[in-house]
Amino acid sequence: MSSETSSAFIESSNVERKQDLTEDQEKEKPRIDEGIEPVSKRQMKKLIKQKQWEEQRELRKQKRKEKRKRKKLERQCQLESNSDGNDRKRVRRHVVHSTLRLIIDCSFDDLMVLKDIKKLHKQIQRCYAENRRALHPVQFYLTSHGGQLKKNMDENDKGWVNWKDIHIKPEHYSELIKKEDLIYLTSDSPNILKELDESKAYVIGGLVDHNHHKGFTYKQASDFGIHHAQLPLGSFVKMNSRKVLAVNHVFEIILGYLETRNWQEAFFTILPQRKGAVPTDKACESSSQDKQCAMVEDGSDSDSSEEQYSKNETDSPHKDEQQDKENSTESTMQSAPH
């Protein structure tokens, strides 16, 4: 056999072998209509959407980052352009801290029931919040901190341990500040406070007693031999009846005076409307309608005492009539023959 014939034979054999392999592979491939269900148009749309969603994942992530940056920039621009003074952060920039020390004396724990302890706690919270917002915040002290008050704060206001710009001390105020720098604010004092001396430390009695312990803080100040005074409320304010101010009201009035240097403006900005206060120059001239002016009474809350006073005032005519009858009866019985 010639070499040409031999190569032609090998070539034809290779072609036949390739054709056989191709046919075998085609037989092994499953047909589309054998064992595979056709994909519906709805499923096809879902698959396309899912694919697009995965492909655009990075793009969405980038858009979110850009949105956050844009909002942050807008907030910064708003803060910088806000010139009306209502934004708290901008107000804080203009704060001038006062050197005046304002103390809430919490040494009356054993004179109060739990209900009054809770009221005192709320008043202290208000004082703290107002001092933080004030344009001229004072050096705020809580002294003799312990007992029921501390327990109530631990249970209902655990965040107090993180309070800023406040000195919370278990010691008595007399152990922390020199006696000559102390002035106790009490309505029983004969001394009228005309100006605030920012080198002094003013003490507010943390006693919510509804007048059960009237004169207690004045006696304590006298026993300790420290100066005492009352706010000049009677010189600027006329009220329907004798009332006392809560701890936070006294605190806020002092903050108001430090800002305005005007007692009357401080009083009428802070005093609740329900107290019916009017300026002394606009009060009724009839002495029969004048009532005793409101004074600072040991920092106690006045709600209960006001209600009781009002009730007693309303009932007093009947009580007088009843007393007259009793006196008449007693006189008749004494004068009757035995």
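None of these values were measured; they are calculated from a predicted model. Below, all heavy atoms of this structure are taken into account, side chains as well, without hydrogens, waters or symmetry copies.
Residue L255 is tested with L135, I270, V250, N131 for a side-chain contact (heavy atoms from CB on, under 4.5 Å); the sole match is N131. Tested against S174 for a side-chain hydrogen bond (donor to acceptor under 3.5 Å, both in side chains), the candidates H172, E171, K178 yield a single pass: H172.
Expressed to the nearest 0.5 Å, how far CZ of F268 lies from CD1 of I253 amounts to 10.5 Å. For the atom pair CD of E252 and CZ of R133, the computed distance is 9.0 Å after rounding to the nearest 0.5 Å. With values rounded to the nearest 0.5 angstrom, I183 atom CD1 is found 6.0 Å from K200 atom NZ. Of the inter-residue distances, the one linking S199 atom OG with R101 atom CZ reads 7.5 Å to the nearest 0.5 angstrom. One distance of note links CD1 of I166 with CG of L142; it measures 4.5 Å at 0.5 Å rounding. Between E175 atom CD and S144 atom OG the span is 7.5 Å, to the nearest 0.5 Å.
Closest heavy-atom contact between T217 and G205: CG2-CA, 4.5 Å. For the residue pair M112 and L120, the shortest heavy atom distance occurs at CE-CD2, 3.8 Å. Nearest heavy atom pair, residue K194 against residue W263, reads O-NE1, 2.8 Å. Between P137 and A134, the shortest heavy-atom contact is CD-O, 3.4 Å. S107 and D110 get closest at one heavy-atom pair: O-OD1, 4.3 Å. When every heavy atom of D105 is checked against every heavy atom of T143, the shortest pair comes out as CA-OG1, 3.8 Å.
Ring pair W160/H145: centre-to-centre distance below 6.0 Å.
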Verdict with supporting geometry, N248 and E130, side chain to side chain donor-acceptor pair (under 3.5 Å): CA-CA 9 Å; N248 59 290; E130 291 301 322; over 6 Å; no
Residues D116, V113; criterion side chain to side chain contact (heavy atoms under 4.5 Å, CB included); working and verdict: CA-CA 5 Å; D116 293 335; V113 296; 3.6 Å; yes
Side chain to side chain contact (heavy atoms under 4.5 Å, CB included) between R132 and K164, worked out: CA-CA 8 Å; R132 291 280 290 169; K164 299 177 181 179; 3.7 Å; yes
Stepwise side chain to side chain contact (heavy atoms under 4.5 Å, CB included) test for W163 and Y128: CA-CA 8 Å; W163 284 1; Y128 172 73; 3.6 Å; yes
Residues I103, I177; criterion side chain to side chain contact (heavy atoms under 4.5 Å, CB included); working and verdict: CA-CA 10 Å; I103 303 165; I177 297 171; 3.2 Å; yes
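Side chains of K67 and K63 form no contact here, defined as non-hydrogen atoms less than 4.5 Å apart. Between Q220 and T186, the closest side-chain pair of non-hydrogen atoms is not below 4.5 Å. By the 4.5 Å heavy-atom criterion applied to side chains, F216 and L111 are counted as neighbours. Residues F140 and I104 are in side-chain contact: their nearest non-hydrogen atoms beyond the backbone lie under 4.5 Å apart. By the 4.5 Å heavy-atom criterion applied to side chains, I192 and Q230 are counted as neighbours. Side-chain atoms of D197 and Y202, non-hydrogen and from C-beta on, do get closer than 4.5 Å to each other. Taking the side chain as every heavy atom from C-beta outward, L73 and K69 never approach each other to under 4.5 Å. Between R70 and E74 there is a side-chain heavy-atom pair separated by less than 4.5 Å.
Side chain of Q139 to main chain of S98: a donor-acceptor pair is present (N/O by atom type, distance under 3.5 Å, no hydrogens or angles). Without hydrogens or angle criteria, K51 side chain to K46 main chain gives no donor-acceptor distance under 3.5 Å. A donor-acceptor contact shorter than 3.5 Å links the side chain of N191 to the backbone of H228. In this structure a side-chain-to-backbone donor-acceptor pair under 3.5 Å is missing from R126 to H249.
Applying the 6.0 Å contact sphere to NE2 of H227 captures no more than 12 heavy atoms from other residues, nucleotides or ligands. Counting heavy-atom neighbours within 6.0 Å of R42 CZ, excluding the residue itself, gives a total of 12 or less.
Between E198 and R261, at least one side-chain N (NZ, or NE/NH1/NH2) sits under 4.0 Å from a carboxylate O, which counts as a salt bridge.
In this structure, F267 and F236 have tilted ring planes: the angle between them lies in the 30° to 60° band.
For K118, the salt bridge (Lys or Arg N to Asp or Glu O under 4.0 Å) test picks out no residue, with sequence neighbours left out.
No chain of hydrophobic side-chain contacts below 4.5 Å, direct or via other Ile, Leu, Val, Met, Phe, Trp or Tyr residues, connects V96 to V138.
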